[in-house]
Engineer: 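First the structure, then my questions, so here it is.
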Amino acid sequence: MNLTRAAFAGLTLLALTACSSEGGGGSPAPAESPTESASEAADSADATQVAEELRGASNAAGQVVTITEDNDPNDKIGRPNGYVSAAVLYDSEITCDSLGVDCGMTIEVYADEATARNRGETLQSQLAEMPFLGDEWDYLKGSVLLRISGELKPSSAEKYAAKFGGEQLTAQAEPAPN
């Protein structure tokens with residue numbers, strides 16, 4: 001019992017010390033600016049909100065399903081190097097009974113642009129090396145990765161891509177042998 005009390009007291013002291021301001025009680029830190037740049041807005045994006053915005057690109061756009069740790073088909077949400085937010089936007093051009101990019105498109109939001117880029121380029125490289133896996137279009141805008149199913153007509157995919165904006169990712173070319 002004394003060990004539990006000592007541990008609790010130590011943790012409480014640590015928490016109070018960590019919460020105190022530097023400089024012995026000076027003024028609070030200045031507030032963040034209420035305006036944010038477009039890249040900051042993309043970095044703080046919510047996948048479900050992005051999917052809802054993309055619904056306006058096509059009359060075939062359907063239901064939006066938010067990915068959670070309970071329904072994530074990739075088991076990447078909240079994990080190291082995984083996405084922090086994800087959603088699936090169904091498209092009626094495709095018949096699908098599952099949850100994922102094969103149903104239309106997936107929007108994945110990462111902690112930073114580098115991780116999102118790595119995921120998109122890795123996917124494109126894997127699909128280029130193993131064509132039997134199918135194909136997809138991947139677009140990057142800030143920390144948001146839009147994955148559009150290769151089952152959609154190219155003209156339909158282009159409508160979503162245009163609404164999203166961003167950079168189309170492709171497989172990274174392997175260096176030529178000497």
Engineer: Return the minimal non-hydrogen interatomic distance between Ala61 and Leu89, and the atom names on each side.
Structural biologist: CB-CD1, 4.3 Å

Engineer: Can you name the side-chain contact (heavy atoms from CB on, under 4.5 Å) partners of Asn118, sequence neighbours left out?
Structural biologist: Thr122

Engineer: In Å, rounded to the nearest 0.5 Å, how long is the span from CG of Leu123 to CH2 of Trp137?
Structural biologist: 15.0 Å

Engineer: List in chain and number order the residues that pass side chain to side chain donor-acceptor pair (under 3.5 Å) with Thr68, two or more places apart in sequence or in another chain; answer none if no residue qualifies.
Structural biologist: Asn71

Engineer: With rounding to the nearest 0.5 angstrom, report the CD1 to CG distance, Ile67 to Leu99.
Structural biologist: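 CG of Leu99 is found 4.0 Å from CD1 of Ile67.
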
Engineer: Do the side chains of Val88 and Val101 join up, straight or via other hydrophobic residues, at under 4.5 Å, putting them in one cluster?
Structural biologist: no

Engineer: For Glu151, enumerate each residue passing the side-chain contact (heavy atoms from CB on, under 4.5 Å) test, keeping only those at least two apart in sequence or located in another chain.
Structural biologist: Ile94, Ser149

Engineer: What heavy-atom pair brings Ser85 and Ala47 nearest, and what distance separates the two atoms?
Structural biologist: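 Smallest interatomic distance, heavy atoms only, reads OG-N, 2.9 Å.
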
Engineer: By the disulfide bond (SG atoms under 2.5 Å apart) test, which pairs, at least two apart or in different chains, include something from residues 59-112?
Structural biologist: Cys96-Cys103

Engineer: Would you mind reporting whether Asn74 and Tyr83 have side-chain heavy atoms less than 4.5 Å apart?
Structural biologist: yes

Engineer: According to salt bridge (charged side-chain N to carboxylate O under 4.0 Å, His left out), who are the partners of Glu69, at least two apart in sequence or on a separate chain?
Structural biologist: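 Residues passing salt bridge (charged side-chain N to carboxylate O under 4.0 Å, His left out) with Glu69: none at all.
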
Engineer: Do Tyr139 and Met105 land in one hydrophobic cluster if side-chain heavy atoms of ILVMFWY residues count as linked below 4.5 Å?
Structural biologist: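 Per the 4.5 Å side-chain linkage, Tyr139 and Met105 are co-clustered.
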
Engineer: For Ser143 and Val109: C-alpha separation, side-chain torsions, deciding distance, then whether side chain to side chain contact (heavy atoms under 4.5 Å, CB included) applies.
Structural biologist: CA-CA 6 Å; Ser143 64; Val109 180; 4.0 Å; yes

Engineer: Would you confirm whether Lys163, through its side chain, and Gly56, through its main-chain N or O, come within 3.5 Å as a donor-acceptor pair?
Structural biologist: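 A pair under 3.5 Å: no.
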
Engineer: For the backbone of Val64 and the side chain of Glu52, can you confirm whether one donor and one acceptor N or O come within less than 3.5 Å of each other?
Structural biologist: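 Side chain of Glu52 to backbone of Val64: no pair is present.
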
Engineer: Taking only residues two or more places apart in sequence or in another chain, which ones pass side-chain contact (heavy atoms from CB on, under 4.5 Å) with Asp135?
Structural biologist: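 Asp135 satisfies side-chain contact (heavy atoms from CB on, under 4.5 Å) with no other residue.
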
Engineer: Only counting residues at least two apart or in another chain, list the ones meeting ring pair (Phe, Tyr, Trp, His ring centres under 6.0 Å) with Tyr160.
Structural biologist: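 Partners of Tyr160 under the ring pair (Phe, Tyr, Trp, His ring centres under 6.0 Å) test: none.
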
Engineer: Tell me, do Glu136 and Leu127 make a side-chain contact under 4.5 Å, heavy atoms counted?
Structural biologist: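 A side-chain contact under 4.5 Å exists here.
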
Engineer: List for me each residue that meets salt bridge (charged side-chain N to carboxylate O under 4.0 Å, His left out) alongside Arg117, sequence neighbours excluded, and say none if there are none.
Structural biologist: Glu113, Glu121, Glu167

Engineer: If you compare all heavy atoms of Val50 against all heavy atoms of Ala45, which two are closest, and at what distance to 0.1 Å?
Structural biologist: CG2-CB, 4.0 Å

Engineer: For Asn59, is the CG atom crowded, meaning more than 12 foreign heavy atoms sit under 6.0 Å from it?
Structural biologist: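 Open: at most 12 neighbouring heavy atoms sit under 6.0 Å from CG of Asn59.
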
Engineer: For Ala60, what residues pass the side-chain contact (heavy atoms from CB on, under 4.5 Å) criterion, not counting sequence neighbours?
Structural biologist: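 Expected list: Ser58, Asp91, Ser92.
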
Engineer: By salt bridge (charged side-chain N to carboxylate O under 4.0 Å, His left out), which residues pair with Glu53, not counting sequence neighbours?
Structural biologist: none

Engineer: Please collect all ring-ring contact (aromatic ring centres under 6.0 Å, His included) contacts where either partner lies in residues 56-77, sequence neighbours excluded, each pair once.
Structural biologist: none

Engineer: Look up atom CG in Leu146 and atom CG in Asp138, then write down how far apart they are to the nearest 0.5 Å.
Structural biologist: 8.0 Å

Engineer: With side chain to side chain donor-acceptor pair (under 3.5 Å) as the rule and sequence neighbours excluded, what pairs involving residues 96-109 come up?
Structural biologist: Glu108-Tyr110, Glu108-Arg119, Glu108-Arg147

